Every structure is written in C-alpha cells, then in structure tokens.
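For clarity, every value in this text was computed on a predicted model and none was experimentally measured.
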Amino acid sequence: MTDAGQVFAPSLGPLGIWSYHLDVQPMARAQHAVAELDDLGFGALWIPEAVTREPFANAALLLGATARLTVATGVASLHARTAMTMNAGWQTLSEAFPGRFLLGLGVSHQATVDVAHQGQYGTKPYSTMVDYLDTMDAGEFWGAPPPVAPQRVLAALGPRMLRLASQRGAGAHTYFVPVEHTAVAREALGDALLAPELTVVFEKDPAVARQIARQFMSRFLTLPNYANNLRRLGWDDDDLSGGGSDRLVDAIVAWGSLDQIAARVQEHLDAGADHVCVQVQTGDRRQLPVAEWRELASIIPTLRARPTVA
C-alpha cells in the first residue's frame with residue numbers, strides 16, 4: 001500500500017498538530033479550537049487514545065466542526081477493540097468525511113494494555129499486529145462504503161514494524177523520536193508516508209525549557225518500546241536516566257524561539273518526514289496552547305517538503 005502514502009501525503013501538508021489538550025476541554029470548546037486550527041492552515045490534527053476521550057467518537061465530533069482538516073488517531077490501540085470494530089469505525093468515518101480521516105493504529109504498551117484494557121500484551125507485538133490486520137482486512141462491512149479508499153498508518157519504531165507499515169498501510173506514525181530516527185525510518189519505509197511527532201516548548205531559558213520537557217518525557221522513558229528504540233540509536237542508560245540527559249532532552253524536544261522550533265521541524269522534513277505533527281508542551285496539562293498554535297501556523301509557508309520519487 002505504499003502508493004496510498006503518496007496520495008495522502010500532499011493533503012496532510014508539512015505541518016500538523018498533535019494534542020491531548022483538546023480532550024480535557026468541554027467538547028464545545030474543543031470544536032471551536034479545532035475550527036481555528038482548520039482556518040490556520042494545519043494539515044492534520046492527531047488525537048490520542050489512552051486515558052482521555054474515545055478516539056472514534058472524538059474524531060467524528062471534531063471532523064464535524066471543520067471543513068478541510070484531516071483528523072488522525074495517534075494512535076488507536078488494537079487492544080481496545082476487536083478488528084471488526086476497528087474496521088467498522090474506520091469505514092464509517094471515512095465514508096462520512098471522505099479523505100479526511102486517517103486511522104493510526106498500534107499495539108500500544110504493556111503497562112497500558114494490562115491495566116487500562118485489562119488484556120495481555122504478549123511477547124510478539126509484531127505478530128499480533130499482522131494477525132490483527134489480517135482479521136481486519138478479511139472482515140465484512142455492510143455499511144455504506146467510503147467514496148474514496150480509507151487510509152491507515154501504523155505506529156512504528158523498529159525496522160520490522162516500519163516495513164510492515166509500508167506494506168499494509170499508507171505508512172508510519174512515529175512518536176518520541178529524534179531526527180536521527182526519522183532518517184532511519186525513511187530508509188525502512190521507502191517512499192511511504194512518514195509522520196513523526198515532535199514535542200516543542202516555547203521557552204528560551206534552558207533550565208525552564210528542560211524542566212518542562214522532562215516533565216513530559218519522564219513517563220515515556222520508562223516504557224520499553226521507547227527506551228529500546230533510543231538504545232538502538234546509540235543512547236545509553238546514562239542518557240535515559242533521571243528524566244533524560246540534557247543531550248537527549250534537546251534531541252527529543254525542540255525548545256526556544258519560533259525560529260529554533262521551525263528549524264527542528266525542517267530537520268525532520270529534510271531527514272525524510274512528509275508531515276511533522278507538533279505537540280506543544282507548556283507545563284499546564286489543562287491549558288489550550290492557542291497562542292503557540294497561532295505562532296506555529298506562521299511557519300507553514302516557509303517549510304520545504306521532502307522531495308518524493310516520481
């Protein structure tokens with residue numbers, strides 16, 4: 001399904017927003033905010049699934065408040081629903097909002113699966129994903145079909161899952177990665193869609209910026225999927241301990257002025273990303289970073305997309 005990535009990539013544009021902040025707002029306020037993101041020119045909004053809103057219902061309500069914006073799940077857990085239910089939600093939203101819903105799905109993390117979903121993560125997440133996709137694709141759906149082919153991406157970090165993302169989807173959504181991983185992912189994906197998440201902090205004071213960054217990073221560094229991915233890239237235990245070394249913090253989180261943050265977005269694009277989904281961290285989990293989103297919108301015309309293979 002590599003060709004699907006080339007259909008979807010231009011419609012996503014170079015810059016999107018990744019946000020859980022909308023989930024903790026009343027829905028009416030979230031819809032008002034996402035309508036502004038649409039007007040500001042962002043290509044996509046990426047929404048999570050963990051301990052906030054149910055992503056398919058959330059996506060439907062947010063898509064209904066916008067006219068052009070793609071809404072993508074970043075990502076829907078295969079442990080949270082059966083393959084038939086995942087397929088039905090995907091098809092339903094793709095029919096209601098043609099070309100504007102992108103299903104991101106993944107195997108999640110053992111800690112989340114065992115507690116939140118009361119399931120068993122297992123020892124072979126790659127095989128679990130393959131079996132799930134097989135069941136999903138073989139399942140029946142008798143509802144009204146989407147007028148254009150629905151699209152999906154896989155949450156992927158390691159080489160096998162990245163290759164699977166290019167074979168069984170439009171491409172990959174990566175999370176909690178430095179620029180060096182984007183280059184690795186591009187090589188594994190070929191010309192399929194690559195959409196890395198990038199966390200940013202609009203703060204010029206290094207101590208304050210890194211404090212906010214570490215507050216965000218601390219949980220992710222305890223999750224084996226992310227820690228092992230960083231070790232594959234050459235980061236060691238000293239880098240991963242204590243909330244992350246300064247060098248690792250600076251590699252994962254872009255902080256500083258708008259120009260400095262824009263430069264990091266461009267680094268991901270230059271390394272092979274088609275679309276960068278920016279997650280703003282302010283240190284306040286309940287405050288919508290509207291001012292920062294407006295600043296980010298101003299850099300969209302300046303970004304250079306990666307060249308694609310004709």
**Q.** E197 side chain to F176 backbone, donor-acceptor under 3.5 Å
**A.** yes
Q | Minimal non-hydrogen separation, V201 against A209, with atom names | A | CG1-CA, 4.2 Å
(Q) Taking the ring centre of each residue, are W18 and Y175 less than 6.0 Å apart? (A) yes
Q. Could R210 and D205 be called an ion pair, given the rule that one side-chain N must be under 4.0 Å from one carboxylate O?
A. no
Q) Rounded to the nearest 0.5 Å, what separation is found between the OG1 atom of T52 and the CD1 atom of I47? A) 8.5 Å
Q: Please work out which of the three classes, parallel, tilted or perpendicular, describes the rings of F220 and Y226, given edges at 30° and 60°.
A: perpendicular
Q | Flag side-chain contact, heavy atom, 4.5 Å: H181 against L233 | A | yes
(Q) Closer than 3.5 angstrom, by distance alone: can the side chain of R294 be matched with the main-chain N or O of P289 as a donor-acceptor pair? (A) no
(Q) Assess whether a salt bridge exists between R100 and D38, defined as any Lys/Arg side-chain N lying under 4.0 Å from an Asp/Glu carboxylate O. (A) no
Q. Charged N to carboxylate O below 4.0 Å: is that the case for R231 and D236?
A. no
Q | D270 and R306 ion-paired at < 4.0 Å | A | no
Q) Any salt bridge between D131 and K124, counting N to O under 4.0 Å? A) no
(Q) Between D259 and R264, does the salt bridge (Lys or Arg N to Asp or Glu O under 4.0 Å) criterion hold? Intermediate values first, please. (A) CA-CA 9 Å; D259 286 345; R264 181 68 63 82; over 6 Å; no
Q) Charged N to carboxylate O below 4.0 Å: is that the case for R81 and E49? A) yes
Q: In sequence, state the C-alpha distance, the side-chain angles, and the governing distance for R286 and D23, and then conclude on salt bridge (Lys or Arg N to Asp or Glu O under 4.0 Å).
A: CA-CA 9 Å; R286 306 201 73 83; D23 285 28; over 6 Å; no
Q | Backbone of S218 reached by a side-chain donor or acceptor of R214 within 3.5 Å | A | no
